[in-house]
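Report on the structure given below.
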Amino acid sequence: MSDTLEHAAGDSVPELKQRIQELENMLHACRLRLPNAPAEAVRELAESEERFALAVRGTNDGIWDWDLKTDVVYYAPRFKQLLGYTDDEMKNLFSEFESRLHEEDRERILAALKAHVDEQVPYDAEYRLKCKDGDYRWFRARGSALRDAAGHPYRMAGSITDITEQKESIRALAASEERFALAVRGTNDGIWDWDIRSGEVFFSPRWKSMVGYEDDELPDNFTAFEKLLHPDDHDRVMATLNEYLDNQSQRYSVEFRFRHKDGSWRWILARGRALRDANGKPYRMAGSHTDVTERKQDEEELRQARQAAEAANSSKSVFLANMSHEIRTPMNGIIGMSELLLGTGLDSSQREYLEMLKQSADSLLELLNDILDFSKIEAGKMELDSHEFDLNAIVTETVQAMGVRAFQKRLVLLHHISPTIPGRLIGDDGRLRQILINLVGNAIKFTHKGGVTIEVNVESETADLIMLHFKINDTGIGIAGNMHERIFEAFTQAETSTTRRYGGTGLGLAICRDLVDLMHGRIWVESQPDVGSTFHFTAAFGRTSGISIKPMSPRPEPAITAHASMKVLVVEDGHVNQLVSSRMLEKRGHLVTLASNGHEAIDFFKSEPFDVILMDVQMPGMNGLEATAAIRVIEQSTGGHVPIVAMTANAMKGDRELCLTAGMDDYLAKPLRSAELFQTIEKFSVKPRSLESTPLPPPGPEPAWQPPAQSQPPAGVSFDAEAFRESAGDDKLMRKLITIFPEDTQKYLRKAEKALAAGKARPLYEAAHSLKGMLGVYAAPKAFRLASELCEYAHAADLKGAQFMLDQLKKECALVGEALTSYDPVI
Ligand code: ADP
């Protein structure tokens, strides 16, 4: 019917038809609900229908109304518009809808409509409809059928909503979720998501399978996680987690062991992030688990390999130490015997051969020491000693030791130490000497005319430390530029012909570099072939407190000529060494008793008194350390203390300490050198060094010399009598010191005043420095401190401050002078 109408009435018909239809619908609905509705009710209903239409328009939905009997469907203009059509572009027929349905949806939708109409299954479906532009859009359709009194459906009406965008975003979400899932699967990580408030945790299937569980085999809560943690890791992991949750750390990343279902432990790396509420309180935390067991195993293997390598290296170093011990012992025989033999009547060629033999033995020993040092450094076993020493003495001794060689080559050997360097420093003087001897030795070796100079300056300083800069300059053959770095490598020489012409192994500079490293300094060279070289190195040393200076210590000087005969017990198992040491000692006029092991030594010790015991450390039966301990025990009941000096060929660090803790008094390294041997044992001589030249000290209750007490007088005291006594040692010296005090202080104070008046900082500093040095001896802590401060002001050229300090110092010196005069040393 509507088709014919449309044809007949042209364009206005559809609109008319639409209105009629709408009204018809409404009326029909009214009749259904209110069969005898009064006019008023009908009007109200029409209004409410209008409101409904408005509301529908507001929702943007498209209305449809389908006459089940005729197949005509009324599509509201909005319906058509949703598909891109104007009202007249789409006919009101069911086929118009059906033909636009997406291929894949058609069957399903027709079935759904049928199910609703026939069996009242609710109709709520999603489908795609083809639009005017040819694209498909997604719609959600809902509707319901009207039935007559007999229950037969005759009409069905409803709406469609465009859900294309919604669909699109769901699809995009799914895609991104899929991507995420793929990525996670790709990394093989397990995912967890923890609701902190409820304690519930989502563990991804991979999370669970990582430790061997199926998805449903583990409860989804925090306790499940805790239970799998290794007991030794539990507390650490919880602490890390809490730290992160409490905002004390920025990241949550922790490694722990996790129990696998099969009982083994897996290493897991857990990382995560928390979500926090407005107050910063975390309410949710999610992250991942990565199985790092393999990496951990690799690390462990690496660690073990490194340990094995270190063990191998350290056993190499122990092997070297043992070897050097083994080699040193026969060397002792060779060097000692050749020394003895040289002292006998020889003809000139015998003497020449013998001297060559001894020279070879000496250089072999030097090489042995180098190799030992180098292997110790390599094994990381080289440690520096730290004690007070006199820099000036070290440099002077080096120059003296090297002087003969320089003299033989007609070379000038000079040294200069900057006066700003404190007299005494703290560090390893032995190693410093080694570096200097090496560098000066090289300089002399590679120089044929001209000379060698040694210079020491301050590089930088702090309150506790002073960095010194040493320069050793020569006018020798020089070194080509490309070798300036390489010569510091082990076994490297500048030229291949070096060994042939000059000897050496190329180890010296490598050892110097490592030693300088240990002293927190660096070493380098400036050099030009045929002009000469300057080796520089810096090294840090500690400052002394200054007060413990004891330049007047009456310890016996090394006495080579005047000495008293001593009774010496030599405990030594090797025949050659017995002979060497006893002959050396006997030639010197000492009386020697020989024992070949610890037991014999104790027997001798019990039966007669000795002035000193020379004790080998390694002996069969009872060794030197045990014998010493036994002697010290005996002495506890008999009283007395016999000096015991260790003799050992072991050169590893710690040996010396071992001997001293065992109760020994000193230590001699083998091979024995006569000068060292005499110097060491004769300092224990209780008899005067020469009866003619040195009278016995005046009798007194105190022994001649006691080691000074460790404690220092408080700085506020002017003069500490006890410390002074201890520092000076004997009364005679003390009296002399008291007499010269006023004269000496006056001299330097005047010098300081003169310098200050002339505005000259340099001589002022020198005077203050001298004052400081002497006041230390007098145990005058306050004056000492003032003199030190005067030094500092002078050094900083602050003359005003210096004037103030000098005034104070003058007053303080007067006080000390008075105290000294009233102090009567004759007790
Ligand atoms: P060695 O002296 O035992 O060969 P070093 O490590 O002490 O070993 O020195 C390495 C090399 O550096 C020397 O062989 C020499 O070629 C070069 N060298 C060292 N000091 C000097 C110097 N003062 N003048 C010239 N060459 C030097």
Side-chain angles (χ1 to χ4, degrees), residues 320 324 327 359-378 382 395 398-399 401-416 430-456 469-519 521-539:
L320 270 167
S324 99
I327 300 171
Q359 248 175 36
S360 301
D362 280 342
S363 53
L364 185 56
L365 192 68
E366 222 170 87
L367 173 64
L368 208 61
N369 288 338
D370 270 3
I371 292 180
L372 185 67
D373 272 355
F374 189 69
S375 72
K376 271 198 284 187
I377 292 172
E378 267 219 311
M382 174 70 85
V395 176
T398 308
V399 169
M402 296 280 132
V404 183
R405 276 195 228 172
F407 177 76
Q408 281 167 350
K409 293 183 81 176
R410 302 272 177 274
L411 298 176
V412 182
L413 180 58
L414 295 172
H415 72 279
H416 173 75
R431 294 300 179 184
L432 176 62
R433 187 187 282 121
Q434 187 179 347
I435 301 171
L436 286 172
I437 286 188
N438 228 306
L439 297 180
V440 176
N442 276 348
I444 294 173
K445 185 159 91 171
F446 294 106
T447 302
H448 305 299
K449 61 174 192 295
V452 175
T453 57
I454 307 162
E455 220 184 295
V456 195
H469 182 164
F470 295 78
K471 269 188 233 172
I472 293 92
N473 171 270
D474 66 53
T475 53
I477 62 169
I479 305 161
N482 61 340
M483 291 304 289
H484 288 185
E485 302 265 338
R486 291 204 47 210
I487 49 167
F488 294 101
E489 289 165 18
F491 305 109
T492 308
Q493 299 185 319
E495 279 172 58
T496 37
S497 62
T498 306
T499 314
R500 208 170 352 104
R501 288 186 56 199
Y502 299 98
T505 55
L507 270 181
L509 289 179
I511 293 171
C512 288
R513 183 201 53 201
D514 290 332
L515 290 176
V516 164
D517 230 33
L518 287 171
M519 295 180 181
R522 58 186 200 94
I523 185 167
W524 71 99
V525 67
E526 285 165 357
S527 180
Q528 219 180 314
D530 299 327
V531 177
S533 315
T534 307
F535 279 82
H536 298 257
F537 72 94
T538 55

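Counting starts at 1 for both ligands and their atoms, in listed order.
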Relative to atom 12 (O) of ligand 1, which among Ile444, Val452, Ile487 owns the nearest non-hydrogen atom? Ile487
Listing, residues 526-533 side-chain donor-acceptor contacts under 3.5 Å, not counting sequence neighbours, or none:
| from | atom 1 | to | atom 2 | distance (Å) |
| --- | --- | --- | --- | --- |
| Glu526 | OE1 | His536 | NE2 | 3.2 |
| Ser527 | OG | Ile479 | N | 2.8 |
| Ser527 | OG | Gly532 | O | 3.1 |
| Ser527 | OG | Ser533 | OG | 2.9 |

Measure the shortest side-chain to side-chain distance between Leu436 and Phe470 over non-hydrogen atoms and say whether it is less than 4.5 angstrom. yes
In short, Thr475 meets Lys449 closest at the heavy-atom pair OG1-O, 2.8 Å
Between Asn438, Leu509, Val440, Asn442, flag the one that comes closest to atom 2 (O) of ligand 1 by a heavy atom. Asn442
Do we see a donor-acceptor contact under 3.5 Å between the side chains of Arg431 and Gln434? yes
Going by the 4.0 angstrom heavy-atom rule, the piece of Thr447 near ligand 1 is neither
Does the cation-pi check pass for Arg486 over Phe488, that is, NZ or CZ under 6.0 Å from the six-membered ring centre and within 45° of its axis? no
Counting N and O atoms only, with roles assigned by atom type, does the side chain of Lys409 sit under 3.5 Å from a partner on the main chain of Ile444, one being a donor and the other an acceptor? yes
Does Phe535, backbone or side chain, put an N or O under 3.5 Å from an N or O of ligand 1? no
Using a strict cut-off of 4.0 Å, indicate which atoms of ligand 1 neighbour a heavy atom of Gly478. 25 (C)
Would you mind telling me if ligand 1 is within reach of the side chain of Ile479, the backbone, both or neither, using heavy atoms under 4.0 Å? side chain
Atoms of ligand 1, numbered as shown, that sit under 4.0 Å from any heavy atom of Ala443: 23 (N)
So, 4.0 Å and heavy atoms of Lys445: is ligand 1 close enough to count as a contact? yes
